[in-house]
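Labels below follow one simple rule: chain letters A, B, ... track the order of the sequence lines, proteins then strands, and each chain is numbered from 1.
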Amino acid sequence: MKGRLVRKNRSGRWLDERRGSATSMDETWHPTTYRTHTLGDIQRKGAELVGQEVTVAGFLHASRGKGAICFADLRDGTGMTQVFAKADTLGEDQLSLLQGLTRESTLTVTGTVAQKRPPKTKEGEAPPPPAYEVLASSISVVAEAEAPLPLGVTDTVGVGLDTRLDNRFLDLRRAHVNAMFRLRAKVLQYGREHLITEGFIETHTPKIVATATEGGTDLFPMTYFDTPAFLNQSPQLFKQLCMSGGLERVFEIGPAFRAEKHDTYRHLNEFISFDIESSWSTDDDVMGVLERMLHHIWSSVANDAACQGHIQAINDWRASQDEEPIEVIVPELPFPRVEYDDAIRTIKERGGSIEWGDDIDAENSDLLAQGLPQFYFIPRWPMDLKPFYIHHVEGEDGSTGRQLSRGFDLNFGRDEMTSGGQREHRIDVLCDNLRDMDLDPEEFEFYVAGFRHGVPPHAGWGLGVERILMVLTGAKNVRETVLFPRDRRRVCP
RNA sequence: GCCCGUUUGGUGUAGAGGUUAUCAUGCAGGAUUGUCAUUCCUGCGACCCGGGUUCAAUUCCCGGAACGGGCGCCA
């Protein structure tokens with residue numbers, strides 16, 4: 001954070017003039033029809049720009065001064081810059097236009113870059129590092145904002161989540177909210193980057209499907225021309241067909257739809273699933289892929305200057321809400337593995353009410369997570385808790401003598417991040433599994449057929465992108481991590 | 001699907017069976033200012049809907065709607 005350009009706000013903290021910086025130093029910036037420089041540029045390259053004429057554009061963040069001069073803070077996705085206006089350089093008409101402009105209006109400003117006069121500081125307090133401003137010679141109002149705003153972008157008052165989501169476009173203009181989605185893009189970028197280095201290729205499978213549920217959840221029905229169809233709950237069956245097709249290692253980042261009427265901090269009816277499938281692999285092999293990928297994401301975020309800016313924006317906000325700052329702690333490899341058998345024993349020892357063969361609910365997960373501050377795997381679940389496509393090895397029995405599976409979960413604290421496993425590639429076992437779970441192999445013919453003419457053993461997993469973002473950003477509600485979340489009640493906007 | 005809770009200006013809140021309904025933010029107007037989410041003055045703006053109890057309901061009761069939270073299930 002050396003050399004940050006900061007200033008103080010009313011609560012006495014220094015604000016980062018470059019906060020929300022979108023462009024890393026190594027990215028290439030091309031001027032557009034509307035601007036020669038971003039506002040972040042003015043601060044970063046201010047020293048060399050002094051005296052030069054620039055055109056900048058952005059939202060009117062705040063304006064001060066109704067007399068002979070006016071200070072207008074302009075904000076774009078890369079930072080903030082103050083515009084200084086006085087009648088003798090801007091002209092009476094344009095000055096009063098600027099002074100009367102509503103907050104959040106968009107405008108372009110042409111003027112000369114200058115170093116700001118330093119703010120008054122209390123005795124003994126160090127002045128902030130130099131910052132730069134634009135001395136306006138002309139302005140052009142692009143789109144005036146109606147007042148009052150349904151949600152004050154700079155207001156100190158709190159705003160309910162529902163109000164925020166109803167007016168998401170304004171909510172997104174707030175630095176810490178904007179930062180969330182820039183971080184989201186980075187997480188996907190680094191995840192993708194890692195899988196490509198391990199030889200995975202990106203695929204897309206259909207979201208409109210004819211088959212009924214593969215179990216465990218309800219689907220959204222729809223009409224596909226004259227045929228009944230559904231929105232897919234997971235790319236599972238299709239990525240397995242890719243294995244049969246010899247694509248070897250695939251990944252997919254795409255939407256999944258579940259029609260469950262849940263109403264919790266961690267569920268959505270449309271979410272982004274980050275899936276992989278890998279041939280000639282076991283559950284243990286793909287757990288390795290997962291932990292290496294998460295490690296890469298975390299260490300990359302920790303070493304990315306833009307990400308640090310986003311984290312800082314979130315922490316500035318958290319400080320104003322009296323919340324502890326978040327920290328990017330790179331998880332150690334390998335992640336702990338707590339087999340289901342051991343998990344049940346540990347939960348019982350800690351006073352949890354659970355029996356072998358039960359799913360591990362949220363309360364019991366809290367007990368299990370004690371002493372596990374980071375990600376941890378739970379491998380080797382009972383076969384009858386896992387879907388029909390999960391593989392098992394005869395003779396691998398739990399402490400009660402019941403068949404174990406090659407399915408695993410990855411948790412963080414009480415929350416499940418990932419579900420995965422080695423898949424059943426033996427067609428006879430697969431069909432038995434379907435029948436055991438009261439599913440009709442006939443209905444899954446398109447899938448079962450993929451196992452009839454040779455198939456490699458394979459394994460994979462599906463990771464909830466939103467839940468990973470919650471861990472990274474400290475968001476307490478999954479809706480915070482989605483631009484336009486779809487939950488039980490919300491389909492608009 | 002089950003359980004619990006909330007609903008007061010644009011936004012976030014305080015509060016009481018009879019109030020001029022609190023505060024902040026915002027908005028409008030004015031004064032001031034090389035300011036720093038400026039400061040000061042003046043003004044504007046609200047009790048979710050329907051029914052009941054009562055002399056009187058925004059306040060109590062019932063129902064509805066919207067929203068929030070927890071559980072189950074999952075990512």
Next on the checklist: Say we look at B/U33 and B/U58: how far apart would their P atoms be, to the nearest angstrom?
Outcome noted: 50 Å
Checklist entry - What's the CZ-P distance between A/Phe408 and B/A75, to the nearest Å? => result 11 Å
Next on the checklist: Just to be sure I understand the rule, does A/Asp415 reach a base, reach only the sugar-phosphate, or reach nothing, if contact means heavy atoms closer than 4.0 Å?
Outcome noted: nothing
Checklist entry - Taking atom C1' in both B/U7 and B/C49, what distance in whole Å separates the two? => result 11 Å
Checklist entry - So is A/Arg174 actually on top of A/Trp317's ring, under 6.0 Å and inside 45° of the axis? => result yes
Checklist outcome for this item: pair_partner(B/G5), Watson-Crick or wobble, both distances < 3.5 Å, evaluates to B/C67
Checklist entry - Do the ring centers of A/Tyr376 and A/Phe335 come within less than 6.0 Å of each other? => result no
Checklist entry - Base, sugar-phosphate, or nothing: which does A/Phe84 touch, judged by heavy atoms less than 4.0 Å apart? => result base
Next on the checklist: Students often get this wrong, so: under 4.0 angstrom with heavy atoms, is A/Gly152 touching a base, only sugar-phosphate, or nothing?
Outcome noted: nothing
Checklist outcome for this item: Here the distance between atom C1' of B/U35 and atom NE2 of A/His61, to the nearest Å, is 14 Å
Checklist entry - Minimum heavy-atom separation for A/Leu95 to A/Ala87, with atom names? => result CD2-N, 3.8 Å
Checklist entry - Is a donor-acceptor pair below 3.5 Å formed from side chain A/Arg64 to base B/U35, judging by atom type as modelled? => result yes
Item to check | pi-stack flag for A/Phe271 and B/A75, centroid dist under 5.5 Å, interplanar under 30° | outcome: yes
Item to check | Rounded distance in Å between the C1' positions of B/G30 and B/G50 | outcome: 46 Å
Item to check | B/A66 versus B/C61 - spacing of their P atoms, nearest Å | outcome: 22 Å
Checklist entry - Say you pick atom P in B/U8 and the same atom in B/G43; how far apart are they, in whole Å? => result 26 Å
Next on the checklist: Expressed as a whole number of angstroms, how long is the span from A/Leu385:CG to B/A75:C1'?
Outcome noted: 17 Å
Next on the checklist: Rounding to an integer number of Å, can you tell me how far A/Asn364 CG sits from B/C71 C1'?
Outcome noted: 13 Å
Next on the checklist: Any N or O donor-acceptor pair under 3.5 Å from the base of B/C36 to the side chain of A/Arg117?
Outcome noted: no
Checklist entry - For the residue pair A/Trp298 and A/Phe375, is the inter-centroid distance of their aromatic rings smaller than 6.0 Å? => result yes
Checklist entry - How close do A/Arg266 and A/Arg467 get, heavy atom to heavy atom, and via which atoms? => result O-NH2, 2.9 Å
Next on the checklist: Over all strands shown, is A/Ala256 touching base, sugar-phosphate only, or nothing at heavy-atom distances under 4.0 angstrom?
Outcome noted: nothing
Item to check | Polar pair under 3.5 Å, donor/acceptor by atom type, side chain A/Glu133, base B/G34 | outcome: yes
Next on the checklist: Could you identify the nucleotide paired to B/G26, looking across every strand shown and requiring Watson-Crick or G-U wobble geometry with both distances under 3.5 Å?
Outcome noted: B/C44
Item to check | Euclidean distance, atom CZ of residue A/Arg103 to atom P of B/U11 [Å, nearest integer] | outcome: 14 Å
Checklist entry - Less than 6.0 Å separating the ring centroids of A/Phe408 and A/Tyr340? => result no
Checklist entry - What distance, rounded to whole Å, do you find between the two C1' atoms, one in B/G15 and one in B/G52? => result 25 Å
Checklist entry - What distance, rounded to whole Å, do you find between the two C1' atoms, one in B/U32 and one in B/G10? => result 28 Å
Checklist entry - With a non-hydrogen cut-off below 4.0 angstrom, is A/Asp409 in contact with a base, only sugar-phosphate, or nothing? => result nothing
Next on the checklist: Could you tell me how far B/U53 sits from B/C62 if I compare only their C1' atoms? Round to whole Å.
Outcome noted: 11 Å
Next on the checklist: Students often get this wrong, so: under 4.0 angstrom with heavy atoms, is A/Ser273 touching a base, only sugar-phosphate, or nothing?
Outcome noted: nothing
Checklist entry - Between the base of B/A75 and the side chain of A/Arg266, is there any donor-acceptor pair under 3.5 Å? => result no
Checklist entry - Is there a donor-acceptor pair under 3.5 Å between the side chain of A/Arg350 and the backbone N or O of A/Gln370? => result yes
Checklist entry - What residues in residues 160-174 of chain A put a non-hydrogen atom under 4.0 Å from any atom of RNA chain B? => result A/Gly160, A/Asp162, A/Thr163
Checklist entry - Checking all strands, does A/Ile272 fall into the base, sugar-phosphate, or nothing category for heavy-atom contacts under 4.0 angstrom? => result nothing
